[in-house]
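None of the values given here were measured: they were computed from a predicted structure. Chain letters run A, B, ... following the sequence lines, proteins first, then strands; residues in each count from 1. Below, all heavy atoms of this structure are taken into account, side chains as well, without hydrogens, waters or symmetry copies.
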2 protein chains.
Amino acid sequence: MSTTHFNTKERILGAAEELFAQHGFAGTSLRQVTSRADVNIAAVNYHFGSKENLVNEVFRRRMDEMSERRLALLRKAREEKPGDLEAILAAFIEPPLALTLDRHGGSAFVRVLARAYAEKNDGLRKFLSDNYGHVLREFAKAIHQALPGLGKEDLYWRLDFTAGALTYAMSDFGLIKRPSGVPEKVHCEKAAQALIRFAAAGLRAPA
Amino acid sequence: MSTTHFNTKERILGAAEELFAQHGFAGTSLRQVTSRADVNIAAVNYHFGSKENLVNEVFRRRMDEMSERRLALLRKAREEKPGDLEAILAAFIEPPLALTLDRHGGSAFVRVLARAYAEKNDGLRKFLSDNYGHVLREFAKAIHQALPGLGKEDLYWRLDFTAGALTYAMSDFGLIKRPSGVPEKVHCEKAAQALIRFAAAGLRAPA
DNA sequence: GTCTATAATTGGATAGAC
DNA sequence: GTCTATCCAATTATAGAC
C-alpha cells in the first residue's frame, strides 16, 4: 500500500490505461507508455514481463473492484428490494459509471473497456470471460427472477443490448456530449438514470 | 464495373476489411493485407497512397450504400406509415444487419464498424462524422416527430443507447451466439426483431 | 500496373553495469 | 529497481526496372 500511486508500477499502469483508451492496445507502444509515465523503457518488462501481460494487469486493477461492487450491490438489491428490476439494473450500471468520476484515471478505463469489446481474438477476451464472466451470469439469473415471463432467448438478447448501450454511453461516442455548464458528476448521474429507464422498459417489452 | 470483385483494388479492400475486423486498424499490417489479397506489397501504396487512406476507403465502400439504404427506407416509412416508430427503427437497423448476410464480406464490415466506434481520435471519427453524420440527424428528426412528448435530451440519450445496442448486437460480442442449427439469415432476422422491440419500448418509456 | 529491392523508422525485448 | 545501450524483427513507404 502506502504511496501506491506514485511508484513506478502504478505510474506505468496509469499511463498505459490512458494511452490504451486513446489509441487502442496495438496502437500504443511501450515507448509511449514509459515516456508518459516518466520511467525507463526497461521498467515495463521488469515489472510486467511483456506487453500482453501489462494489458491484462490494466484490466485486473479496475475490474476486480468493479465486479465486486456490482455483485455487492446486486446482493443488496435482491435482499432489500426483491424483484425490483430498476434496482438490479442500477447495480449493473452504477459501478462502471462511477469509475468515470474516479479521481485517478478511472475515466480512461471505461473507454479501455469499450476497446476490449472490439478486440476479437487474442488472449484478452478469454482473460475477461474467464475472470469476470460469472458476474454477467449472476445478473442474468436475477433478471430472470424479476421477469419470469421473459423467455431465455429474449432475456439474453436484451441483456446484450443493455450491455451495448452501457458501453456506448460510457465511452462518450455518439451524439451526447456533456455541455460545458454541466458538472461531470451530474452528467453521469443523468446518464445512469436515463439508461436504467431505457433498459427497464426494453426488458419489460412484450415478447 | 465488369469484374470489379476480382481486380487488385477490390481484393485489397476485401482482405483489409476482414483483417481490420479481426485485429483492428493498428493491429493489422499492410503486409498481412497484401499477403491475404495475394497481391504485391507495393500495390497498396500504388492504389491507395497510404494505410490511413485505405482505412477510409474500406469504410466508404460500404457506408455509402448503407447510408442511402437507411435514408431510402426512412423516407418510405415516413410516407407509408407516418409516425410508426417501429418502421423508423427498422429503417435504421435493417441495412447494417443485412450486411451480415451479404455474400461478399459484408459480415466483416459490421465488426469493422464496431471498431470504429472505439477509435477515439484520429482522422477516422472525423471522416465518419463529416460524411455520415447527417444520416443520424435525419433519424433523430423522424423519431422526434413520432414521439413528440419526448424531450430533446432524453431523445438523444436513447438514440445513443439504441446505436450502442445495435453495434454490440452486430458484432457478436456478448452472450448471444448463433446456435449451429439456426441459419445465419434466421438469426439476423431474430436479432433485428428483438432489437426493434427493445428499442421501441425503451424510446417510449416515460420520462 | 506489377514487381524486386531497399530505405528509414519503429517496435518489443534483453544484457549487463550500477 | 533502475539505467544505458543494443539486438533483431517488423513496419510503412518509395525508387526504379519491367
Contacts of [X] that satisfy side-chain hydrogen bond (donor to acceptor under 3.5 Å, both in side chains) - sequence neighbours left out:
X        : result
B:Arg178 : B:Glu184
B:Arg197 : none
A:Lys190 : B:Glu153

Distance-only donor-acceptor pairs under 3.5 Å for side chains of residues 86-100 of chain B, two or more places apart:
from, atom 1, to, atom 2, distance (Å)
B:Glu86, OE1, B:Arg204, NH2, 2.9
B:Glu86, OE2, B:Arg204, NH1, 3.1
B:Thr100, OG1, B:Leu97, O, 2.6

DNA chain C: 5'-most and 3'-most nucleotides touching chain A, 4.0 angstrom heavy-atom criterion: C:dG11 to C:dT14

Suppose the criterion is side-chain hydrogen bond (donor to acceptor under 3.5 Å, both in side chains): which pairs have a residue in residues 128-137 of chain A, not counting sequence neighbours?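 Every pair satisfying side-chain hydrogen bond (donor to acceptor under 3.5 Å, both in side chains) with a residue in residues 128-137 of chain A: A:Asp64-A:Tyr132, A:Lys126-A:Asp130.
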
Please collect all side-chain hydrogen bond (donor to acceptor under 3.5 Å, both in side chains) contacts where either partner lies in residues 65-76 of chain B, sequence neighbours excluded, each pair once.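 Sorted pair list comes back empty.
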
Taking NE2 from B:His47 and P from D:dA13, how many angstroms apart are they, rounded to a whole number?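 Rounded to the whole Å, the gap is 16 Å.
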
Could you please spell out the steps behind the side chain to side chain contact (heavy atoms under 4.5 Å, CB included) verdict for A:Thr167 and A:Val110? CA-CA 8 Å; A:Thr167 304; A:Val110 297; over 6 Å; no

Residue pairs involving residues 14-24 of chain B (criterion salt bridge (Lys or Arg N to Asp or Glu O under 4.0 Å); sequence neighbours excluded): B:Glu17-B:Arg61, B:Glu17-B:Arg62, B:Glu18-B:Arg36

Can you name the salt bridge (charged side-chain N to carboxylate O under 4.0 Å, His left out) partners of B:Lys141, sequence neighbours left out?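 B:Lys141: salt bridge (charged side-chain N to carboxylate O under 4.0 Å, His left out) contacts with B:Glu138.
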
Those residues that, when tested against A:Thr8, pass side-chain contact (heavy atoms from CB on, under 4.5 Å) (two or more places apart):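 Expected list: A:Ile12, A:Val39, A:Ala43, A:His47.
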
So which protein nitrogen or oxygen atoms get under 3.5 Å of nucleotides 8-11 of chain D's nitrogens or oxygens?
from, atom 1, to, atom 2, distance (Å)
D:dT11, OP1, B:Ser29, OG, 3.3

Of all of residues 33-43 of chain B, which get a heavy atom below 4.0 angstrom from DNA chain C, listed by number?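 Residues of residues 33-43 of chain B that come under 4.0 Å of DNA chain C are, in numerical order, B:Asn40, B:Ala42.
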
